Amino acid sequence: MDAPRVTPTIADPKIRRVVFFASDSSATVLPQPQQLPETHPSGNRHVASGSFDPSENPNLATAIEKKEEVPQSSSKPLKAKTTKAERRALQEAQRAAKAASKGEGSKAVTESDRAAPVKSIKQSSEKKGGPSYASGATDKKAGDRPLEKDRKKDAPPPQSQFDDKSRMEKARKRAAVNPTESRNRVELFQHLPQYEHGTKLSNVESKFFNLGLVHPAVLEVGLRYSAGDISGGNARCIAMLRAFQDAIRDYCTPPEKVLVRDLTSKINSYVSFFTECRLLSMSMGNAIRFVKSRIVNLPLSHSEFEAKAALCSDIDRFINEKIILADKVIVRHAFTKVKDGDVLLTYGVSCVVEMILLYAHELGKKFRVVVVDSRPRLEGQALIRRLVAKGMSCTYTHINAVSYIMHEVTRVLLGASAVFSNGTVYSRVGTSCVAMVAHAFRVPVLICCEAYKFHERVLLDSICSNELGDPDAIAKVAGRMDVNYLNNRASEDNLKLLNLMYDATPSDYVSVIVTDYGMLPPTSVPIIIREYQREHLLL
Amino acid sequence: MENQKTSAYYENRAVQFGVVSTEWLAQAQSATVHHSPPPPPPPHDNNNDKPFSVIDEFDKWRKHPDLAEAVAAIRALAAVISSSKATTMMQLEIQLKNASDSLKSWDATSISLTAACDLFMRYVTRTSALEYEDFNSAKSRLLERAEKFGEISFKVRLGYLTLDNRFLFASSMTITDWIRLQARKVIAMLSQDFVFDGCTILVHGFSRVVLQILKLAAQNNKLFRVFCTEGRPDRTGLRLSNEVAKLGVPVKLVIDSAVAYTMDEVDMVFVGADGVVESGGIINMMGTYQIALVAKSMNKPVYVAAESYKFARLYPLDQKDLAPALRPVDFGVPIPSKVEVECSARDYTPPQYLTLLFTDLGVLTPSVVSDELIQLYL
C-alpha cells in the first residue's frame with residue numbers, strides 16, 4: 001500500500017505526520033530511522049544529516065518551510081540529477097508537509113520522539129519485506145546509503161526494470177502481491193522478476209480488500225496462476241479470458257465515466273494483478289491486446305448491455321477460433337507427417353502435441369512415442385501416463401539421455417509458448433536443447449503452435465525475456481533426504497541458484513512450424529503476423 | 001494408389017526429353033501446328049454422347065512437349081466446364097472439384113498438376129459466386145479464363161488473383177498481345193544478370209526454363225560454357241547438351257557421378273524444378289539434392305528456375321516424406337534377381353542448399369516462396 005498517496009483520505013493526523021517524516025527522511029535526504037535509535041538515543045535525529053534540524057525548532061511550520069527549501073538547495077549540488085523516484089518522493093513530502101501545516105503543529109513536536117519507532121515499523125512494512133530483507137538488508141543499506149547514492153548517480157541508468165532499485169521500490173509500493181527479495185540473484189538474470197516464496201495469499205487478502213478493484217473471478221485465476229494450478233499457455237490464456245468475461249459481465253459503468261475508458265483501465269488493473277501473480281506469457285499478451293482492441297472499437301451507439309454482450313461473444317469467439325479450432329487444424333496438419341513406423345519424440349507436455357499423438361493413434365497409425373522429461377517439474381510423467389493408458393507404446397526418458405535416444409527418432413514434435421518474428425521459438429526450458437540435438441542428428445523438428453502465439457518481437461537469446469522459477473525446486477530432490485546437500489545452503493552468498501522457465505530455440509533448429517494457417521517455415525512467421533495479426537485483432 | 005505403379009509424370013518426361021530423336025522433332029512440329037487452331041473445348045462439346053473423362057482430356061494435352069503439365073491440367077478442367085450440364089454455380093464447383101480430385105489422384109506424383117488444379121479451384125471459389133449473378137456468364141467467364149491460363153503468362157494470373165478487379169481488367173485485354181509461355185521468357189530475362197562473361201554453368205536434367213535462360217544468354221552474346229550432367233536413367237542431359245550445342249555455346253557432358261570432380265571449375269549451378277514446395281526447397285529430378293550438397297560445400301551458388309505454377313502446398317520434411325514417384329531404371333544388363341533397385345525418380349532439395357529461385361514473380365530467396373503461397377492460398 002502506498003502510504004503517502006493515501007494521506008488525504010486518512011483521518012488520523014498522527015499517522016499522517018508519521019508518514020510525512022518517514023517518506024521525507026528516507027527518500028529525500030537521509031534514511032535516519034533505523035540508524036537513529038542506536039546512534040542518537042536522545043531522539044535528536046536530524047543532527048546526523050548536518051544540513052538542518054527541524055526537531056529542534058519549536059515552530060513546525062517554519063521547519064517545514066525550511067525543509068521545503070533545504071532539500072532543493074543543499075541536495076542540488078550533491079546530486080546533479082535526481083531520479084524520478086527521488087523527485088516524486090520530494091513532491092510527496094512537500095504535499096504532506098502542506099497538509100501537516102494545516103493540522104496542529106504542536107502535536108507533531110511532542111510526537112517527534114515517539115515517531116522514530118513507529119517509523120521504522122512503517123518502513124519495514126513498506127519495504128515489503130519478509131523478515132530477511134527488512135531486518136538484515138535495510139539496516140546495512142541505511143548505513144551506507146549516502147555513499148551508495150553517489151555511486152548510483154555516476155553509474156549509467158540501468159535499462160531493465162528489475163535491477164533498477166528506485167523503480168522497483170515504486171513497483172513494489174504499487175504491487176498487490178508482495179514479493180520478497182531473493183538475495184542471491186544470478187548475474188545475467190537480475191533484470192527479471194525474482195521468484196518469491198509463499199505468503200502471497202495473506203498479502204493479497206490484506207491488500208485486496210483495501211484496493212477493492214480486483215474482480216473475484218480475476219482474483220481466483222490470479223491466485224491459481226501463482227499457485228501453479230493453471231499451467232500451459234492455452235490453459236492460462238483461456239482462464240484469463242474467462243475471468244475477463246466474468247468481470248465484464250459484472251461490470252457496470254460508474255457514473256460520469258465512459259465504458260470504453262473505464263473498462264480499459266479496469267482490464268489494465270486486472271492485467272497488472274495477473275502480472276504480479278505470475279509473469280504473463282506472450283500468448284496472454286496477444287489475447288489482452290485483442291480484448292482491449294475490441295473494447296476500444298466498440299461502437300458508441302451500443303448501450304452498456306449490448307457492449308458487454310458483444311465483448312463476451314468476441315472473447316468466446318477468440319477462444320473458439322484461435323485456440324480450440326486452431327488446435328484441431330494443427331492436429332490435422334501434423335497428422336499428415338506421421339507415418340507408420342515412426343518414432344515421435346516430444347519434450348515436456350504440450351496439449352497440442354498430445355492431441356496429435358492421440359489423434360494419430362485413434363486413426364490407427366503405428367508409431368512409438370518417446371517422452372523426454374526434465375527436472376524439476378517432471379510434467380512428462382502425467383503425459384506418459386495418459387498415453388500408456390491409451391495403449392500406445394512409449395519410452396520415457398530424461399533430457400540427459402536425449403542424445404542417446406535421438407538416433408532412433410524420426411520426428412520431433414514440440415510445443416511452444418510463443419514464436420517470434422525472427423522464427424525463434426520460446427518454449428519450456430530444455431526445448432532448445434532437444435531441438436539442437438535433433439538438428440545435429442538431422443531429425444526434423446516440428447513446432448506445433450497456434451498462430452495467436454506469434455509475436456512481432458525479435459528474440460535472440462533466452463536472457464532478455466524469461467521467467468525465473470523457484471530456486472529451491474532445483475536445489476531439492478523431493479523424497480530423498482540423503483541427497484539434499486543444498487538444503488540449508490540456499491542463503492549462502494556464494495551460491496546462486498538459477499531455475500529458468502523458458503528458453504529460446506533458434507530458427508535454424510526448426511524444420512517446420514505447424515500452425516492453424518498450415519505448415520510454414522520459420523521464416524514465414526512475420527508474414528503471418530503481418531497478414532493476420534490485424535485481422536485477429538479485429539477478428 | 002500409385003505406390004507400385006510407375007510415375008506417369010516422369011514417364012512422360014522421359015518420353016519427351018529423353019535422348020534426342022528425329023521423332024521428337026516431328027512430334028514437336030505437329031504439336032505446334034496442332035496448337036494454332038482454337039482451344040479444345042468446342043470440339044469436345046459436340047460429341048456429348050460419349051461420357052466425358054477429364055483424364056483423357058488431360059492425357060491428350062500433356063503429350064505436347066512444349067506444353068507444361070499445369071497448362072494441360074487447366075485445359076482439361078476447362079473442358080469439364082464446357083461439357084458440364086450444371087445449372088448452378090454450386091453444381092459446377094462440385095463437378096470441377098471432382099474432376100480436379102480425379103486428376104490429382106490419377107497422377108499423385110506430378111506436383112505441377114496438383115498445383116495447377118489447386119490454383120484453378122482457388123480461382124473458381126474465390127471469384128465466381130461473388131462476382132457474377134448470372135450463371136451462364138459466370139460459366140463463360142470461367143471458361144475464358146481457363147483458356148487464357150494456358151496461353152498467357154502465369155505471372156498475370158498469379159499476380160492478379162489477389163486483386164480481382166485488376167484481374168478482370170487484365171482479362172479484358174487482348175490475349176494475342178501475350179506471347180505464349182511468357183513465364184519462361186520473364187524468368188530468362190530475370191536471370192540474365194546472373195550469367196556473366198566467362199562463367200561456367202552446371203546444368204542438371206532437362207528443363208525448358210533453363211534452356212530458355214541459356215538461349216537468351218547466348219542471344220545476348222554472353223560468353224559462357226555449360227556442363228551438362230548425363231541425367232541417368234532418362235539421359236535427359238544428352239538432349240540438353242544437344243540443344244545447347246545448337247546455340248553455339250561450348251558444352252561438356254559430365255556423367256552424374258563426376259559432379260563433385262568438376263565442381264571446382266563451375267561458377268554456378270542451374271536447375272529446373274518439378275515442384276517448389278512451401279519450405280522454399282524444390283522437388284526435382286533425382287540427383288539435384290546431391291549436386292546442391294556438393295555445390296554448397298564448395299560455396300557455389302545454386303539457382304533454380306521455375307514457373308510460379310509449380311509452387312505447391314507441400315512441406316516435405318525429408319526425402320521419404322513424398323508420394324513415391326517410381327520409374328523403371330535401365331541398367332543395360334539384366335539385374336540379378338535378389339538385387340533391389342532404387343527406382344525413385346525425384347528427390348527433395350531443402351531450402352538451405354538453394355541460393356535463389358528465378359520465377360516469373362521475380363528473383364526470390366527460398367523463404368519468399370512460402371510467403372507467396374500464403375498470400376495465394378490463405
Side-chain angles (χ1 to χ4, degrees), chain A residues 326 329-330 332-345 409-414 421-423 435 438-439 441-448 451 454 506-536, chain B residues 3 104-105 108 111 114-115 118-119 122 161-163 275-283 289-290 292-293 296-297 304 311-324 347-357 361 364-378:
Chain A
V329 175
I330 291 172
R332 296 288 189 285
H333 280 303
F335 172 71
T336 61
K337 293 295 167 207
V338 180
K339 294 198 297 282
D340 280 341
D342 264 350
V343 180
L344 308 177
L345 181 143
V409 172
T410 57
R411 298 269 187 276
V412 175
L413 294 171
L414 298 171
S421 63
N422 59 343
H439 179 76
F441 280 78
R442 295 291 182 275
V443 179
V445 177
L446 291 88
I447 301 286
C448 307
F454 286 10
S507 59
D508 300 348
Y509 302 152
V510 178
S511 316
V512 55
I513 299 177
V514 187
T515 75
D516 28 337
Y517 294 111
M519 284 181 279
L520 309 168
T523 49
S524 287
V525 174
I527 310 299
I528 292 289
I529 291 172
R530 188 185 69 207
E531 299 283 315
Y532 298 102
Q533 209 82 315
R534 210 178 312 119
E535 171 224 280
H536 118 209
Chain B
N3 274 0
K104 281 195 269 184
S105 60
I111 292 159
T114 315
D118 286 350
L119 263 179
R122 189 79 198 148
L161 249 176
T162 43
L163 303 163
V276 181
V277 295
E278 231 174 325
S279 61
I282 57 165
I283 293 169
Y289 181 36
Q290 196 169 310
L293 279 173
K296 173 83 178 174
S297 71
V304 179
F311 288 17
R313 289 212 80 190
L314 279 175
Y315 204 120
L317 293 171
D318 49 35
Q319 300 298 329
K320 306 293 179 311
D321 192 14
L322 285 166
D347 59 17
Y348 163 61
T349 310
Q352 60 263 38
Y353 302 111
L354 306 177
T355 315
L356 288 173
L357 293 121
L361 304 175
L364 312 178
T365 59
S367 59
V368 182
V369 173
S370 150
D371 307 353
E372 293 291 341
L373 279 166
I374 288 169
Q375 290 186 350
L376 206 59
Y377 283 100
L378 292 181

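Reminder, nothing fancy here: chain letters follow the sequence lines and each chain counts from 1. Bear in mind that the values here come from a model prediction, so they are computed numbers and not experimental data.
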Do B:D318 and A:P444 come close enough that some side-chain heavy atom pair is under 4.5 Å?
yes
Given a strict heavy-atom distance threshold of 4.5 Å, which part of B:P351 is in contact with chain A: side chain, backbone, both, or neither?
neither
Closest non-hydrogen atom pair between A:S524 and B:S367, with its separation:
OG-O, 4.1 Å
Are A:T523 and B:T365 packed together at the side-chain level, in the sense that at least one heavy-atom pair is separated by less than 4.5 angstrom?
no
If you compare all heavy atoms of B:K320 against all heavy atoms of A:K339, which two are closest, and at what distance to 0.1 Å?
O-NZ, 4.2 Å
Considering non-hydrogen atoms only, spot the tightest contact between A:M519 and B:E278 and give its length.
O-OE2, 3.1 Å
Measure the spacing between CD of A:E531 and CG of B:D371 and express it to the nearest 0.5 Å.
9.0 Å
What is the minimum heavy-atom distance between B:R313 and A:Y517, and which atoms define it?
NH2-O, 3.4 Å
Less than 4.5 Å to any heavy atom of chain B: does that hold for the side chain of A:P521, its backbone, both, or neither?
both
Would you please name every residue forming a side chain to side chain donor-acceptor pair (under 3.5 Å) with B:D321, sequence neighbours left out?
A:K337
